[in-house]
Amino acid sequence: MRKMWAVLALILIVSFSWLGLLGNEIHRQAPPIPSAVVTRSGETVFTRDDIQTGRQVYQSMGGQQVGSIWGHGGYLAPDWSADWLHRESLLILDGWAEAEYSRAYGALAGEDQARLQTRLQAAQRENTYDPTTGQIVISDDRAAAIAAVSRHYVDLFGDAHALEGLREDYAIANNAIPDAARREAMTAFFFWSAWATTTQRPDEEVTYTNNWPHEPLVGNAPSGPNIMWSIASVILLIAGIAALVWWHAGRKEEEAPVPPKEDPFTGLKPTASMKATRKYFWTVIALFLAQIFLGAVTAHYAVEGHDFYGIPISEIIPYAVTRTWHTQLAIFWIATAWLATGLYLAPVLGGKEPKFQALGVNVLYVALLIVVVGSMAGEWLGVQQVFDLDMNFWFGHQGWEYVDLGRFWQLLLFAGLMIWLGLVGRALWPALKQPGEGRPLTVILFLSTIAIGLFYGAGLTWGKHTHLSMIEYWRWWVVHLWVEGFFEVFATAAIALLLVKLGLVRARTANHGVLFATIIFLTGGVLGTLHHLYFAGATTSVIAVGAVFSALEVVPLALIGHEALENYRMTKAAKWVQNYKWPLYFFVGVCFWNLVGAGLLGFLINPPISLYYVQGLNLTATHGHAALFGVYGLLGIGLMLFCFRGLFAKQAWSDKMLAWSFWLLNGGLAMMVFMSLFPVGVLQAYASITEGLWYARSAEFLQQEIIHFLVWMRVPGDIVFSAGAFVLAAFAARLVWAGFRGQREEPAPVATPAE
């Protein structure tokens, strides 16, 4: 164990040091924001203030929930950097064609088109940024094209009647940004984001975004390092899986312990603070149901851009709001389930309840409720353009997917996590001080609790004008390291501790298993964060490191079937274990979706060459849905059900209802993913490879009948999935009703309040 702890410490030190060094490189090499964009004739087109103000405007209207920049964000509206690049390029080509041939570019012969396209590539890829003056110098031809594209966007985000149909296709409300000055400023930000995608880095053959997006007109195609490191990642994946299988085959399997004759938790009497977690779990279910409804509304916007089954809702609750709430509530309800599990388990593991623990749990609940309600209200007000731009940053919509809530609400949430850390830590402290076989697991649980509390702080590192590349760097610390990293370590340790307490797993086996799993996961997981940053203004070294270590993230999933089988076998270990059959089945479901959603569908988009073509397409959403709910959502529900066994009357427990909920949720998720999201993503990927990303995200492509049909094919899965959620809610209501009727058992306490 000492050697394993040393290995884990070394991995964390090396990984975070390397991640920090690469973050510094991203900061130094990020695409420059010019002091001004000027023409060769001396006319100023945009200033730095225009670009920075324009980004704030974009954030205020929902930002990455309304289309995307550099591929990160929503999928219904275009990627604005790719869309601008294509529109500007066509306008320049048309201007040259009219001047030289008196015809539009599309009407020219192939060799004439090729000649103009070669000229365009040389002009667009040339880096005319002057570090001395801080200016970008452009031709008058390009300035004319920029003016035309700017007018298009000013009209699009206003209420120009000619573009009403396009707004509906994009699910953008009419007059989404009423202030014309704000709309004009936003075009400066769009231009800059597109400029970075087509301008080569000094002394290099790739653009600031590593030639992303695929755009044949300007010569954007996969770079050599992209292809090389993609091949390396596949080879490393195969080698890693082979090594893991070899290790597993040579490992001596310990016999499972003989389970006790009776349920060790039979005599569990919840303490006051444990009982106080009930309201957390009711909130989990309420937020889960709300998220499902908002997901249905958001998906429906793809076929009826301003309406919901004929009801005009875009002016009241536009797509930017429904998608924001849908993604944010997913994080809120899953995190709440895990936080409540920590609060429930801590007194059980510590052996007693600290003074005022219940008060702390209740105060924390109120704080979390304020964050949820306040941030959602602020996001709605921000999208409705109620706030000024500075006020929006603090109380409105920050515009960054999964980290949308305003800075004030972020600070409150961080404070809440610090309270949670204190509550769990003080309750666990007696167990941490007491030597024994179970101590290493408790230490891992406590360390992951500290990491969960602190790592959300990465979302507080950027300001109103921090460079976009650095915002993306820190944002993925929150989304990848906080949500996908340390929460998973916490959940793994919590499950192991529960199984040890039940006598289904030996403490020694669990200690080694959890520590080894943590080492394997974090070896790839920390630096694997970089695979989100391939095309976010980062350098080639980010592609190299991200490709290698994101491949290693998938390696532990190769033996996930063994873990699923072990969880399934536990349900047969003793008659009393049937009481925990469905919580254990939910853990089996986690294993399945870990393999399919996080493993297969995750690696489908992880290699740089794959992500080059599919970043910002529905294959990303396919992985997101299968992994976020399939792994983290089911895990949260399974942990919640374990807590329910100790919080409510056993007579009210209904395995039949849980069976329906389990199969409906898993079946509905599979239908949603494989009948709708995956086939749309495959069609988009083909369009991106053959035509360019701009086309795969265009209204022309997404409004095809086949795409509409596939979007409608999500409805059966949504219905089945929703039914599973409602059955789960009915099961929880049944437990509450039984409590009201006085059916609560009162056995001898295991964890008792402090005197």
Side-chain angles (χ1 to χ4, degrees), residues 31 33-34 36-47 50-51 54 58 67 69-70 78-108 112-129 135-158 160 162-163 166 180 183-200 207-209 211-220 691-695 697-700:
I33 301 176
V37 178
V38 299
T39 66
R40 292 195 180 104
S41 58
E43 180 186 352
T44 299
V45 181
F46 298 123
T47 66
D50 293 333
I51 295 170
Y58 177 63
I69 295 290
W70 295 349
D79 180 272
W80 304 112
S81 44
D83 190 65
W84 179 293
L85 176 59
H86 188 74
R87 290 178 183 276
E88 181 190 313
S89 299
L90 282 180
L91 284 167
I92 293 172
L93 289 170
D94 278 335
W96 289 345
E98 287 289 347
E100 294 187 28
Y101 301 99
S102 300
R103 282 183 292 173
Y105 171 75
L108 297 181
D112 294 328
Q113 286 188 340
R115 188 179 69 81
L116 291 181
Q117 192 172 321
T118 301
R119 178 182 168 189
L120 176 71
Q121 291 174 11
Q124 295 286 84
R125 298 179 73 85
E126 180 185 3
N127 194 332
T128 59
Y129 172 73
Q135 295 182 339
I136 295 173
V137 181
I138 61 174
S139 67
D140 291 339
D141 291 339
R142 188 170 188 181
I146 288 171
V149 179
S150 295
R151 285 194 298 272
H152 167 77
Y153 287 121
V154 168
D155 290 345
L156 178 67
F157 292 97
L163 294 179
L166 190 59
R183 298 200 300 270
E184 289 171 2
M186 191 167 68
T187 66
F189 172 59
F190 285 179
F191 160 77
W192 173 82
S193 71
W195 174 85
T197 68
T198 189
T199 301
Q200 291 187 179
T207 69
Y208 285 107
T209 56
N211 288 357
W212 186 94
H214 180 219
E215 176 53 84
L217 289 178
V218 296
N220 271 11
E691 300 288 338
L693 181 80
W694 70 271
Y695 179 64
R697 289 281 297 275
S698 67
E700 178 185 357

*Taking only residues two or more places apart in sequence, or in another chain, which ones meet Thr47 in a side-chain hydrogen bond (donor to acceptor under 3.5 Å, both in side chains)?*
Asp50
*Please round to the nearest 0.5 Å and tell me the distance separating atom CZ of Phe157 and atom NE2 of His152.*
8.0 Å
*Which heavy atom of Ala143 sits nearest a heavy atom of Val45, and at what distance?*
CB-CG2, 4.4 Å
*Closest contact, heavy atoms only, Glu691 versus Pro216*: O-CD, 3.5 Å
*Any donor-acceptor pair under 3.5 Å from Asn127 side chain to Thr199 backbone*: no
_My understanding is that only one of Trp192, Tyr208, Trp212 makes a ring pair (Phe, Tyr, Trp, His ring centres under 6.0 Å) with Trp70; could you say which?_
Trp192
*Atom CG of Leu693 and atom OG of Ser698: how far apart are they, to the nearest 0.5 Å?*
9.5 Å
*Could you pull out all residues at least two apart from Phe190 that satisfy ring pair (Phe, Tyr, Trp, His ring centres under 6.0 Å)?*
Tyr58, Trp80, Tyr153
*Taking all atoms of both residues into account, what is the closest heavy-atom pair of Ser81 and Ala194, and its distance?*
O-CB, 3.4 Å
*Can you name the ring pair (Phe, Tyr, Trp, His ring centres under 6.0 Å) partners of His214, sequence neighbours left out?*
Tyr613
*At what distance, to the nearest 0.5 angstrom, does OG1 of Thr197 lie from CD of Gln124?*
9.0 Å
*Can you pull the salt bridge (charged side-chain N to carboxylate O under 4.0 Å, His left out) pairs that have at least one residue in residues 96-108, sequence neighbours excluded?*
Glu100-Arg115, Glu100-Arg119
*Roughly how far, to the nearest 0.5 Å, is the CD1 atom of Ile51 from the CD1 atom of Ile136?*
6.5 Å
_For Val38, side-chain contact (heavy atoms from CB on, under 4.5 Å) partners two or more places apart_ = Ala36, Thr44, Gln135, Val137
*Tell me, please, which residues at least two apart from Asp141 pass side-chain hydrogen bond (donor to acceptor under 3.5 Å, both in side chains).*
Trp96
*Could you pull out all residues at least two apart from Arg125 that satisfy salt bridge (Lys or Arg N to Asp or Glu O under 4.0 Å)?*
none
*Set of side-chain contact (heavy atoms from CB on, under 4.5 Å) partners for Ala148, sequence neighbours left out*: Leu91, Arg151
*With sequence neighbours left out, write down each residue that passes side-chain hydrogen bond (donor to acceptor under 3.5 Å, both in side chains) with Trp694, or none if nothing qualifies.*
His86
*Indicate yes or no: at least one non-hydrogen side-chain atom of Val37 is less than 4.5 angstrom from one of Trp195.*
no
*side-chain hydrogen bond (donor to acceptor under 3.5 Å, both in side chains) with Thr39: which residues, sequence neighbours excluded?*
Ser41
*Partners meeting salt bridge (Lys or Arg N to Asp or Glu O under 4.0 Å) with Glu88 (sequence neighbours left out)*: Arg142
*Can you name the nearest heavy-atom pair linking Ala104 to Ala97, along with the distance?*
C-CB, 3.9 Å
*Residue pair Arg183 / Val154: nearest heavy atoms and the distance that separates them*: NE-O, 2.7 Å
*asked:* Show the nearest heavy-atom pair for residues Gly106 and Asp94, with the distance to one decimal.
replied: N-OD1, 4.4 Å
*Less than 4.5 Å apart, any side-chain heavy atom of Leu85 and any of Asn220?*
yes
_Nearest-0.5 Å distance, OG1 of residue Thr209 to CD1 of residue Ile69_ = 11.5 Å
*For Gln117, all residues meeting side-chain contact (heavy atoms from CB on, under 4.5 Å), sequence neighbours excluded*: Tyr105, Gln121, Leu217
*To the nearest 0.5 Å, how far apart are CG in Leu93 and CG in Leu116?*
6.5 Å
